[in-house]
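Working notes for the structure below.
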Amino acid sequence: MISDQKKMKPFQFFLLVTCHLSLLSCAGSSHPQPISPSEGPPARRYLELYREKQIATLHFPAGVYTLSAADKIGYYYRAPRRILEQGSIGREGGIFVSKRDPNKLRGYIYRAGAITHVGNFSRAKYRFIDQDIPASQF
């Protein structure tokens with residue numbers, strides 16, 4: 001009887017870990033779907049970040065970020081140029097806005113083919129822009 005219980009412990013641990021990982025994987029998508037300009041949140045096609053924001057070694061540029069993708073948890077605004085890491089490496093990325101709380105903003109970058117959310121942009125000075133911006137202003 002004791003040997004049967006010892007055999008069940010690793011199996012129960014395996015089930016617990018598998019269940020936990022499957023729940024974590026449902027939190028969002030590492031590959032948000034591109035959206036057309038007619039989709040997405042009304043009156044929120046652009047997000048303007050007034051000043052550069054630094055998160056650890058990542059430097060997010062000031063400027064107009066364009067709504068480019070969405071997943072089930074939020075919207076992704078692409079940076080006007082690459083995010084600099086450690087002053088020289090440029091990464092694709094931008095600002096993530098939560099669907100549940102549009103005042104909750106985070107940075108994101110593509111690393112190893114997946115999106116990594118970084119930092120908290122909620123206190124940064126920004127505004128949403130609802131009108132089309134001529135290409136010359138980018």
Side-chain angles (χ1 to χ4, degrees):
M1 186 89 159
I2 293 175
S3 63
D4 287 341
Q5 287 179 347
K6 286 183 180 181
K7 289 179 185 177
M8 287 299 287
K9 292 281 185 192
F11 180 71
Q12 289 172 337
F13 178 74
F14 171 76
L15 286 177
L16 179 66
V17 169
T18 303
C19 185
H20 180 71
L21 289 176
S22 67
L23 289 174
L24 284 177
S25 67
C26 296
S29 170
S30 61
H31 302 288
Q33 299 299 311
I35 57 176
S36 70
S38 63
E39 297 176 287
R44 293 176 179 243
R45 295 188 53 191
Y46 304 97
L47 185 151
E48 183 177 11
L49 185 64
Y50 292 126
R51 292 190 176 151
E52 177 184 290
K53 177 78 172 162
Q54 182 177 347
I55 303 294
T57 60
L58 297 168
H59 298 266
F60 290 79
V64 177
Y65 288 63
T66 305
L67 179 62
S68 63
D71 63 15
K72 64 183 177 182
I73 62 170
Y75 299 101
Y76 295 82
Y77 290 81
R78 187 181 48 228
R81 56 190 174 281
R82 295 172 81 76
I83 312 306
L84 291 181
E85 182 172 18
Q86 297 176 355
S88 62
I89 300 170
R91 297 200 178 271
E92 294 294 324
I95 297 176
F96 168 81
V97 178
S98 171
K99 284 183 179 178
R100 188 178 338 156
D101 182 1
N103 295 318
K104 182 179 178 183
L105 280 64
R106 299 190 69 191
Y108 75 89
I109 59 170
Y110 283 94
R111 182 175 281 163
I115 287 181
T116 301
H117 290 215
V118 294
N120 181 353
F121 280 61
S122 300
R123 292 184 184 218
K125 296 203 182 252
Y126 68 92
R127 71 177 175 134
F128 288 106
I129 303 170
D130 61 348
Q131 300 169 357
D132 283 336
I133 298 173
S136 64
Q137 290 187 2
F138 282 114

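What you see below is based on every heavy atom in this structure, not just the backbone, and it leaves out hydrogens, waters and symmetry mates. Numbering starts at 1 and runs along the sequence shown.
- Listed for the R106 side chain is a donor-acceptor partner under 3.5 Å among the backbone atoms of G119.
- A donor-acceptor distance shorter than 3.5 angstrom exists from the side chain of S68 to the backbone of Y76, with no hydrogens or angles considered.
- In this structure, CD1 in I95 is found 4.5 Å from CG in L49, a value given to the nearest 0.5 Å.
- Under a cutoff of 6.0 Å and an axis angle of 45°, R44 and F128 form a cation-pi pair.
- Contact of the Y75 side chain with the L67 side chain is registered, since non-hydrogen atoms from C-beta on lie closer than 4.5 Å.
- Closest approach of S98 to D101, counting heavy atoms only: OG-N, 3.3 Å.
- For the atom pair H59 NE2 and K53 NZ, the distance stands at 12.5 Å (nearest 0.5 Å).
- With a 4.5 Å cut-off on side-chain heavy atoms, T116 and Y108 do not count as touching.
- Inter-residue side-chain proximity for P61 and R81 is flagged as met; some heavy-atom pair is nearer than 4.5 Å.
- Other residues, nucleotides and ligands place more than 12 heavy atoms under 6.0 Å from the CZ atom of R91.
- Distance alone, capped at 3.5 Å, places no donor-acceptor pair between the T66 side chain and the R78 backbone.
- Using a 4.5 Å cut-off on side-chain heavy atoms (C-beta onward), Y77 and V64 make no contact.
- P102 and Y126 make their closest contact through O-OH, 4.4 Å (heavy atoms, listed as atom of the first residue, atom of the second, distance).
- Side chains of P32 and I115 form a contact here, defined as non-hydrogen atoms less than 4.5 Å apart.
- For F60, the ring-ring contact (aromatic ring centres under 6.0 Å, His included) partners are F121, not counting sequence neighbours.
- Contacts classified as salt bridge (Lys or Arg N to Asp or Glu O under 4.0 Å) and involving residues 110-128 (residues at least two apart or in different chains) are given here: E48-R127, E85-R111.
- Within the 4.5 Å cutoff, no side-chain heavy atoms of L58 are placed close to those of L84.
- A side-chain donor-acceptor contact under 3.5 Å links Q54 to the backbone of A56.
- In this structure, L47 and L105 have side chains that are in contact, with non-hydrogen atoms separated by less than 4.5 Å.
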